[in-house]
Novice: 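My questions all concern the structure below.
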Amino acid sequence: MTGPDRLRRGWTTGACATAATTAAYQALLTGDFPDPVTVWLPGGQTPAFALAVEELTAPTRVAMAGVVKDAGDDPDVTHGALIRATVRHAAPGTGVTFRAGPGVGTVTLPGLPLAVGEPAVNPVPRKLIREAVARVAAAHGGTGDVTVELSVDDGARIAEQTWNPRLGILGGLSILGTTGVVIPYSCSAWIDSIRRGIDVALATGETHVLGATGTTSERVGAQVCGLSGTALLDMGDFAGALLKYLRRHPIPRLTIAGGFAKLSKLADGHLDLHSGRSQVNLDALADRAAAVGGDAALAAHIRAANTALHALELARAADVPLGDAVAEAARDAARSLLRGSELPITVDVIAIDRAGTIVGRAAPA
């Protein structure tokens, strides 16, 4: 699929790992690698994957196959990564055992859908791989008792660009995917990371978390609140995803830190703060400035401003606390979405400019 409205879909790391495992296990049983190799996904798709690497070692009979991940038109940091599966025979009755090879992380903190000490191979990819092993065993006379070691070339470096280190997944990437399909710009992976971050914060006993829109706001918010580690949640533009999951999985206190422009959109009730999906409302900013002491001339200038930060500069020059007004409105919007939580959640907000200077605060409420 091509064109702006027909973006090309891709395949998850879990789908690629399943394909690599399928090829390696078939080679282990038959001596030949299928290429391309077909896999069965939960939605009924049966994509075929070309092998990038293959190796069959005798007499130990160890087989390795690798697939290059194609994320389609999605801006995925794992696009182009080489995902390998090394398959060995295991003791009768042991089924499929997973190991983390180079570039695949290991779980070190509770709160994830995997036990501490397990390779970071999520439940759905594990299910897909087990089903693939059973399918190959039935077709080629195997027992299905194997050790599957998954690895990702350069995975440790790539993982530094993901949530894995703060989730306690150390040493590399996670093998992910619930459908096997990457939908371009669905942002599902980021939203899933927000949810897993909240799960880990709860499991590690955090009572105060920070949801930040970016690196600078996270740094400022962490310094102000004295937070670190599993208390830091990189919500990016997905304020709604953070708030909705916290409503169902409450933590006593939430601080939201973000750029003034993004928080002005949250203040207006937008839950997706991306510039392509919500816009700054200069009329609303003018009204907020008037409500906290701005005169008609200032309001008119703000309505004609070039950007949200221009509006902020105009208000600051007039000694009008527009930053505080936006922070308070953003806090109230967040609290509104958190209503219905079984436990009360206290919310405060920190607004910053591009330099990281705090330009607005809303006290805990």
Side-chain angles (χ1 to χ4, degrees), residues 1-30 32-56 63-87 96 98 101 103-104 119-140 142 144 146 148-155 158 162 173-192:
M1 293 184 289
T2 59
D5 298 319
R6 301 287 288 177
L7 295 174
R8 188 170 62 87
R9 296 186 176 192
W11 310 109
T12 63
T13 49
C16 296
T18 302
T21 301
T22 301
Y25 188 36
Q26 184 167 325
L28 195 63
L29 295 177
T30 68
D32 295 314
F33 289 89
D35 189 6
V37 56
T38 299
V39 299
W40 281 256
L41 299 180
Q45 304 95 331
T46 55
F49 294 81
L51 298 185
V53 293
E54 58 186 59
E55 182 178 331
L56 184 61
M64 182 277 295
V67 170
V68 173
K69 176 176 174 177
D70 179 2
D73 290 325
D74 196 66
D76 189 321
V77 296
T78 60
H79 176 73
L82 177 58
I83 299 166
R84 301 174 187 255
T86 301
V87 180
V96 179
F98 293 92
V104 170
V121 182
N122 272 23
V124 171
R126 288 180 183 236
K127 180 175 183 290
L128 292 177
I129 289 171
R130 288 192 175 101
E131 290 173 349
V133 166
R135 192 175 292 113
V136 173
H140 300 286
V146 293
V148 177
E149 179 182 297
L150 299 176
S151 58
V152 181
D153 287 20
D154 206 24
I158 298 171
T162 74
L173 292 162
S174 300
I175 303 300
L176 299 171
T178 55
T179 65
V181 181
V182 174
I183 300 174
Y185 297 92
S186 69
C187 307
S188 58
W190 196 318
I191 291 171
D192 185 64

Novice: Which residues pass the salt bridge (charged side-chain N to carboxylate O under 4.0 Å, His left out) test with Glu54, sequence neighbours left out?
Specialist: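 Glu54 satisfies salt bridge (charged side-chain N to carboxylate O under 4.0 Å, His left out) with no other residue.
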Novice: Under the rule for side-chain hydrogen bond (donor to acceptor under 3.5 Å, both in side chains), what residues qualify as partners of Arg130, not counting sequence neighbours?
Specialist: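 Checked Arg130 against side-chain hydrogen bond (donor to acceptor under 3.5 Å, both in side chains); zero matches.
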Novice: Under the criterion side chain to side chain contact (heavy atoms under 4.5 Å, CB included), I'd like the reasoning laid out for Leu29 against Val136: C-alpha separation, chi angles, the key distance, then a yes or no.
Specialist: CA-CA 9 Å; Leu29 295 177; Val136 173; 3.9 Å; yes
Novice: Where do Pro34 and Leu51 come nearest, in terms of heavy atoms and distance?
Specialist: O-CD1, 3.5 Å
Novice: Taking only residues two or more places apart in sequence, or in another chain, which ones meet Asp70 in a side-chain hydrogen bond (donor to acceptor under 3.5 Å, both in side chains)?
Specialist: Arg8
Novice: Sequence neighbours left out, what passes side-chain hydrogen bond (donor to acceptor under 3.5 Å, both in side chains) with Asp192? Give chain and number order.
Specialist: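 Only Arg196 meet the side-chain hydrogen bond (donor to acceptor under 3.5 Å, both in side chains) criterion with Asp192.
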Novice: Side-chain donor-acceptor contacts of residues 79-87 below 3.5 Å, not counting sequence neighbours, with atom names and distances?
Specialist:
| from | atom 1 | to | atom 2 | distance (Å) |
| --- | --- | --- | --- | --- |
| His79 | ND1 | Ala71 | N | 3.0 |
| Arg84 | NE | Asp153 | OD1 | 2.8 |
| Arg84 | NH2 | Asp153 | OD2 | 3.0 |

Novice: Please enumerate all residues that pass side chain to side chain contact (heavy atoms under 4.5 Å, CB included) together with Pro119, with sequence neighbours excluded.
Specialist: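 Listed in chain order: Phe98, Ala100, Val121, Arg126.
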Novice: Could you pull out all residues at least two apart from Thr38 that satisfy side chain to side chain contact (heavy atoms under 4.5 Å, CB included)?
Specialist: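 Counting only residues at least two positions away or on another chain, Thr38 forms a side chain to side chain contact (heavy atoms under 4.5 Å, CB included) with Trp40, Thr46, Ala48.
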Novice: Could you pull out all residues at least two apart from Glu55 that satisfy side-chain hydrogen bond (donor to acceptor under 3.5 Å, both in side chains)?
Specialist: none
Novice: For the OG1 atom of Thr22 and the CD atom of Glu131, what is their distance to the nearest 0.5 Å?
Specialist: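 It is 10.5 Å, given to the nearest 0.5 Å.
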Novice: State, to 0.1 Å, how close Val37 and Ala23 come at their nearest heavy-atom pair, and which atoms those are.
Specialist: CG2-N, 4.0 Å
Novice: Report, one line per pair, each donor and acceptor closer than 3.5 Å where one atom sits in a side chain of residues 11-20; sequence neighbours left out.
Specialist:
| from | atom 1 | to | atom 2 | distance (Å) |
| --- | --- | --- | --- | --- |
| Thr12 | OG1 | Gly14 | N | 3.4 |
| Thr12 | OG1 | Ala15 | N | 3.1 |
| Thr13 | OG1 | Leu176 | N | 2.8 |
| Thr13 | OG1 | Leu176 | O | 3.4 |
| Thr18 | OG1 | Gly14 | O | 2.8 |

Novice: Grab the two heavy atoms, one from Val124 and one from Gly177, that are nearest each other, plus how far apart they are.
Specialist: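 Heavy atoms of Val124 and Gly177 come nearest at CB-O, 3.3 Å.
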Novice: Looking at Tyr25 and Ala134, would you say the former's side chain and the latter's main chain have a donor-acceptor pair under 3.5 Å?
Specialist: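 Not a single qualifying donor-acceptor pair exists.
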Novice: Please name the pair of heavy atoms, one in Ala63 and one in Ala27, separated by the smallest distance, quoted to 0.1 Å.
Specialist: CB-CB, 4.3 Å
Novice: Which residues pass the salt bridge (charged side-chain N to carboxylate O under 4.0 Å, His left out) test with Asp35, sequence neighbours left out?
Specialist: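 Once residues adjacent in sequence are excluded, Asp35 has no partner under the salt bridge (charged side-chain N to carboxylate O under 4.0 Å, His left out) criterion.
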Novice: How far does NZ of Lys127 sit from CD1 of Ile129, to the nearest 0.5 angstrom?
Specialist: 12.5 Å
Novice: Look up atom OG1 in Thr162 and atom CH2 in Trp190, then write down how far apart they are to the nearest 0.5 Å.
Specialist: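 Separation between the atoms: 11.5 Å.
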Novice: May I ask you to test the Leu173-Val104 pair for a side-chain heavy-atom distance under 4.5 Å?
Specialist: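 Heavy-atom side-chain distance check fails, nothing below 4.5 Å.
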Novice: Does any part of the side chain of Leu150, heavy atoms only, come nearer than 4.5 Å to the side chain of Thr21, both counted from C-beta?
Specialist: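 Thr21 vs Leu150: side chains touch.
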Novice: Going by salt bridge (charged side-chain N to carboxylate O under 4.0 Å, His left out), name the residues that satisfy it together with Asp154, two or more places apart in sequence or in a different chain.
Specialist: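 With sequence neighbours excluded, Asp154 shows a salt bridge (charged side-chain N to carboxylate O under 4.0 Å, His left out) to Arg157, given in chain and number order.
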